[in-house]
Amino acid sequence: MAPANTLPAWSELQAHRDDVAKNFVLKEAFASDADRFNKFSRTFKADGSADILFDFSKNFLTNETLDLLVKLAEQAGVERKRDAMFRGDKINFTENRAVYHTALRNVGGWEMQVEGQDVMNGPTGVNGVLAHMKEFSEKVRSGEWVGFTGKKLTNIINVGIGGSDLGPVMVTEALKHYGAPDMTLHFVSNIDGTHMAEALKASDPETTLFLIASKTFTTAETITNANTAKSWFVEKTGGKGDVAKHFVALSTNEAEVTKFGIDSANMFGFESWVGGRYSVWSAIGLSVALYVGYDNFHKFLAGAHAMDKHFRETPLRENIPVIGGLLGVWYGDFFQAQTRLVAPFDQYLHRFAAYLQQLSMESNGKAITSDGSSAKYTTGSILFGEPCTNAQHSFFQLVHQGTKLIPADFILAAKSHNPIHDNLHQKMLASNYFAQAEALMVGKTDDQLRAEGTPEELIPHKRFLGNRPTTSILVGDVIGPAELGALIVYYEHLTFVEGAVWDINSFDQWGVELGKVLAKKILKELDEPGNGSGHDASTGGLIGAFKSFSKI
Ligand SMILES: O=P(O)(O)OC[C@H]1O[C@H](O)[C@H](O)[C@@H](O)[C@@H]1O
């Protein structure tokens, strides 16, 4: 594949960018085109999900921009790459793997195969695992599956990190409204003993179920945490506790699961073609099914599948994740935007940005293109975010008046799960959602400030330049399982589109390896005399200081 900057549409976009940067002012674009909102917004419609309105009109977009961006997508082979993904081709070319998380939520009955094998049916197929998850989650929720003293398991501890943690945490938080009221969830990810210690402190072994979630089942943090949990369980139960009733594994690695001491009958499997950051739809989502019930988990998969269908079948110009991804390229490569802000106006989505950080930054934080050469352009942006209105009272100062261009996504549900105080809270939340995007766009001029009586010396400080782009996402009801599924998949495919244009492999993560290897070496050195070997003076000095401070 040709590097993105050698595609003809790239140069056309560069010339167009100069024009836009000089002449395009968002508020003027609205003033001169009454139809702009309709032209640049798209509504996602699907059975079983509320409509979701994606308003792209407050972006640096004209008809010509969109035409050129679509042309770029065509020339970069976005459709071809998308079809290859859905066909089960090994598009993760550095690991020689298919990228097939879309099969996990294939509730629409598409035929899906990898290497000529049906991945939906058969002994290790997706449908079988889903049936196992349904049966198990229903038994635990109803109290049919009990602990070693016959008590219902109401305290769930998910032990996992990265994709085996962030998805389950985010989704269970987002769907708290649907959660079993008698169930407490803990997510232990950090190797910092504090994380496990605090979870165990709050747990009773008789009612605790451990989900050991690890695709590889070799991740140091997870295996260490899982062993600590097992020792605690055995010790607290005086050896009488039945590990088989209290520990299950969510993994692709049956050999390691068995070695750990979990019966393979209590293992929920998935395949190597599921990337960690795309695994919440797989057995890794068991905590979600346990907490919100399997029917809701199924709705979550169905909402996701509906967005897959939209992405797979909709022409580029109308395709919502395609537009989102192309805007990422537009701002990153043509306006030097380094970041992307995602701010949900929704407290239940308080871990959404953390989840998207792994999705986006682990996928597209790459500098090497498909032929092994360095990309001559900017790739993955730095994604950050917090729920609003909190974020407004924290870092939004920089978004409004700082020197950087920060394209922002704002997400709101039209209806709240908690319309307390006569829905006043929801109306205030919504008014902020509208106001922030409007303020970022229209800004405040010196004349307006003067008219308000602002002293002359304060005018530069109080000036808002405006013309800052936002995408507003409005869910047409509450955010339920289906709507959440669709929202996540919007970002998954947006990330895919960016990576496809940049000609990078969005599905490996070699960049996390080096630190892991060094940590393993240093761990040994902490038990040996001296400051370790082969380190620079700073690292060696720090190791020495740590040893003397902690008296190792
Ligand atoms: O699920 P696991 O195999 O334990 O992996 C957990 C996580 O660790 C790795 O370091 C990767 O960077 C992540 O993509 C992955 O989700």
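Ligands are counted one by one from 1 in listed order, and the atoms in each one are counted from 1 as well. When reading the values below, keep in mind they use all heavy atoms of this one structure, side chains included, and skip hydrogens, waters and symmetry mates.
- Phe260 carries Lys230 over the face of its six-membered ring, with the cationic atom under 6.0 Å from the centre and within 45° of the normal.
- At a 4.0 Å cut-off, at least one heavy atom of Gln358 sits close enough to ligand 1 to count as contact.
- Scanning the protein heavy atoms around atom 16 (O) of ligand 1, the nearest turns out to be Gly163 N, 2.8 Å.
- Residue Lys236 qualifies as open at atom NZ: its count of foreign heavy atoms under 6.0 Å is 12 or below.
- Cation-pi geometry between Arg105 and Trp281 is satisfied (NZ or CZ under 6.0 Å from the ring centre, within 45° of the ring normal).
- Across the listed options Thr219, Val274, Thr218, Thr219 owns the non-hydrogen atom lying nearest to atom 5 (O) of ligand 1.
- Aromatic rings of Phe54 and Phe44 (six-membered ring for Trp) have centroids beyond the 6.0 Å cut-off, not under it.
- Both the backbone and the side chain of Thr216 come within 4.0 Å of ligand 1, counting heavy atoms alone.
- For Ala213, no nitrogen or oxygen atom sits less than 3.5 Å from a nitrogen or oxygen atom of ligand 1, counting backbone and side chain alike.
- Side chain to side chain, Asn155 and Thr207 fail the donor-acceptor criterion of an N or O pair below 3.5 Å.
- Listed by first and then second residue, the side chain to side chain donor-acceptor pair (under 3.5 Å) pairs that reach into residues 285-306 come to none, sequence neighbours excluded.
- With hydrogens left out, the protein atom closest to atom 11 (C) of ligand 1 is Glu362 OE2, 3.6 Å, a heavy atom.
- Scanning all protein heavy atoms for the shortest distance to atom 9 (C) of ligand 1 gives Lys516 NZ, 3.6 Å.
- The protein non-hydrogen atom at the shortest distance from atom 6 (C) of ligand 1 is Ile161 O, 3.2 Å.
- The closest side-chain donor-acceptor pair between Glu362 and Gln358 falls under 3.5 angstrom.
- Looking at Ser214 next to ligand 1, an N or O pair under 3.5 Å apart turns up.
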